[in-house]
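FYI, side chains are in, hydrogens and waters are out, and symmetry mates aren't considered; it's all heavy atoms of this structure.
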Amino acid sequence: MAKPSPLEIGRYLAREVAYRGFRSGRVAPSWARGSARAYGFRPPSALRANVLGAVFYGIMSVFLGLPVAIGAPYVEPMAAFEVGASLLLGLCVVFTLMQVAPFTATFVSEGVVDLVRILPIDTYVALLSYLSALFLYWGALSILALFVPFLALSFAAAARGSIPVAAALAGVFSSLSTLALSVFLGLALGIASYSARRRVSLRIASTLGWLAAFTAMYAVISFHESIVRHLASYIPRASSWLGYVPFLGPIYAFSSPIPLAASCATTIAVIYGVYRASISRLEALLSGAELAAERPRPAPRRAAEARIRVSHPLAALVRKDLKLLSREPRRLASLLYLVVFPIIFAIAFSWGSASRLSGAILAAPCFIGALSGLGSDNLFFVEGSGAKVLYHLPIDRRTLALSKALATSLVTAPIACAASATLVLLATGSPTLALGSAALAVALNVGTSMLNSAVSTKLLPREPSSWSELSVSTTIGRRFTRSAIKIGVSIASTAVPLAIAIGASSAGLGLWIVATAVSSYAAAILIAGAILVARLRGDLTS
């Protein structure tokens, strides 16, 4: 009997990683998201796995490459090429890590690597199978679309004489080298993910990394023109040292031999070092070799030292949720992003005129407070396969919804409160308004958290199951209902107070009248959330 090829093995590995990631609530690729749990997963397809990502990345690449090819009134073609290529390199690192690291983490932590070890194949074939699963059947190959349109537009600009041909060639080298580094770095981070669950420092670093990735992606998409303008004015002053920076250097020093040679040599050395570190660890996993000696476990405490702690069910659930959230950096970063995103938006809004700010300043705490409370879903999905245990405990839906809302607010409300008070204080100089805006942000945060948690709890499956984005919405009707309710909650808690703040100020009403109207609505949101939680009845199976 002929042995299966690496492509065939990789296809089954991708399906197994998708299934186990779906079961634990960790990760699932695009080709599996449309499949109901009752009917199983669709067979992995290289085309279906890569086409959506390729379209998304291609649109971003064209978006950044058009100022190079056709010109823009706010930047020269060469400056547009340098800034666009630099942004693409950064986005490449972000998107590649978001593809490679979760796949590798699930591959290692969910035991798929154990299946590879028992197959009658050598380490080389196992490595090829893993790479085919990652690139062909998981969708990592689509990242190439991030560079192809931009480089094509750059060569078109070079053919017209807008930029030097050497600059476009340097862009090819920097793109391929950055992609290689990102893949190897994603492998290393994914393999080390299990250790990240046990080490606080690694969990903090991972959370900050995911948060930076989400923030950078939003900033580049939303503030592209402002970023290009700023960087285009800064690059001429920094060109003397940018040419020596690895990966970026060839773009800025393609015509200077010494900086070009230094940056290229450093780039190759960095890639080789990360390659050896990541591939050697992956080969050790696939072959079953020990990566490192296990840390000695502390001796168990004696029975006399043990203490039984009894606490209120609500406090115990909140403490459990916060502990689980701290062990899942991606979920924690997703929750924190809903605080960082409105803060960035509010800061960008504050760049406007003082007259506009004086009328609609309360829109910032409304936006920050309401949006930061919409992340309570992460507290449900962080349960993963452990959610099955909750169905066998004496926990009703009301207590569960309240615990998720409180855990969400304990993480996000302090940040929303501090940011809102700071922005209002800087804009108005009034400590009274700053304190009022802080209270407004907290009220909207808690109210939105309770509304969102109540909706999520109501739509939970009634049979014991894992909780994830896929398992909670197992049918098209349930997905539509859940999405429609979520959109309604978002509009009611976010858009309405924003409209009140901006509309009342545009009508010429005083700031204190606007504050009274917005505060009344925030109180209504808080009361509505409390009522909706209180109306929940029964346990999780009813």
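Contact of the Val125 side chain with the Leu119 side chain is not registered, since no non-hydrogen atoms from C-beta on lie closer than 4.5 Å. Residues Cys264 and Pro250 meet the side-chain proximity criterion, which asks for heavy atoms closer than 4.5 Å. A 4.5 Å side-chain heavy-atom check between Ile271 and Phe247 finds at least one atom pair inside the cut-off. Tyr137 is not listed as a side-chain neighbour of Tyr12, based on a closest heavy-atom distance of 4.5 Å or more. By the 4.5 Å heavy-atom criterion applied to side chains, Thr412 and Ile415 are not counted as neighbours. Using a 4.5 Å cut-off on side-chain heavy atoms (C-beta onward), Tyr252 and Ser86 make contact. In this structure, the side chains of Leu97 and Leu189 come closer than 4.5 Å at one or more pairs of heavy atoms. Proximity of Leu181 to Val93: side-chain heavy atoms (C-beta onward) are nowhere separated by under 4.5 Å.
When atom types are taken as modelled, the side chain of Lys404 and the backbone of Leu379 share a donor-acceptor pair closer than 3.5 angstrom. Within the 3.5 Å criterion, the main-chain N or O of Ser449 finds no donor-acceptor partner in the side chain of Asn452. A donor-acceptor contact shorter than 3.5 Å links the side chain of Arg117 to the backbone of Leu285. Asn50 places a side-chain N or O within donor-acceptor distance of the main-chain N or O of Leu136, the cut-off being under 3.5 Å. Put simply, the side chain of Thr178 never gets that close to the backbone of Ser175: no donor and acceptor are under 3.5 Å apart. Listed for the Ser61 side chain is no donor-acceptor partner under 3.5 Å among the backbone atoms of Tyr57.
For the ring-ring contact (aromatic ring centres under 6.0 Å, His included) test, residues two or more places apart in sequence or in another chain that qualify with Tyr130 are Phe103, Phe107. When the side-chain contact (heavy atoms from CB on, under 4.5 Å) test is applied to Leu144, the partners found at least two apart in sequence or on another chain are Leu141, Leu179.
Distance CZ/Arg11 to CZ/Arg15: 8.0 Å, rounded to 0.5 Å. For the atom pair Gln99 CD and Phe135 CZ, the distance stands at 9.5 Å (nearest 0.5 Å). In this structure, CD on Glu283 lies 9.5 Å from OG on Ser278, to the nearest 0.5 angstrom. Going from atom CG of Leu153 over to atom OG of Ser162 covers 11.5 Å, rounded to the nearest 0.5 Å. Distance check: Ser177 OG to Leu89 CG gives 7.0 Å after rounding to the nearest 0.5 Å. If you take CG on Leu47 and OG on Ser142, they are separated by 11.5 Å, rounding to the nearest 0.5 Å.
For Lys320 and Glu383, the salt-bridge test passes: some basic side-chain N is under 4.0 Å from an acidic carboxylate O.
Partner of Leu286 under the side-chain contact (heavy atoms from CB on, under 4.5 Å) criterion, chosen from Val113, Ile121, Asp122: Val113.
Nearest heavy atom pair, residue Ala126 against residue Val116, reads CB-CG1, 3.6 Å. The two residues Gly10 and Ser132 make their nearest non-hydrogen contact at CA-OG, 3.4 Å. Val100 and Leu187 get closest at one heavy-atom pair: CG1-N, 3.6 Å. The minimum heavy-atom distance linking Gly375 with Leu335 is given by the pair O-CD1, 3.3 Å. Minimum heavy-atom separation, Ser456 to Asp377: OG-OD1, 2.6 Å. Of all the heavy atoms in Leu13 and Ala133, the pair that sits closest is CB-CB, 4.0 Å.
Residue pairs meeting the ring-ring contact (aromatic ring centres under 6.0 Å, His included) criterion with at least one partner in residues 148-192, sequence neighbours excluded, are Phe81-Phe150, Phe184-Tyr275.
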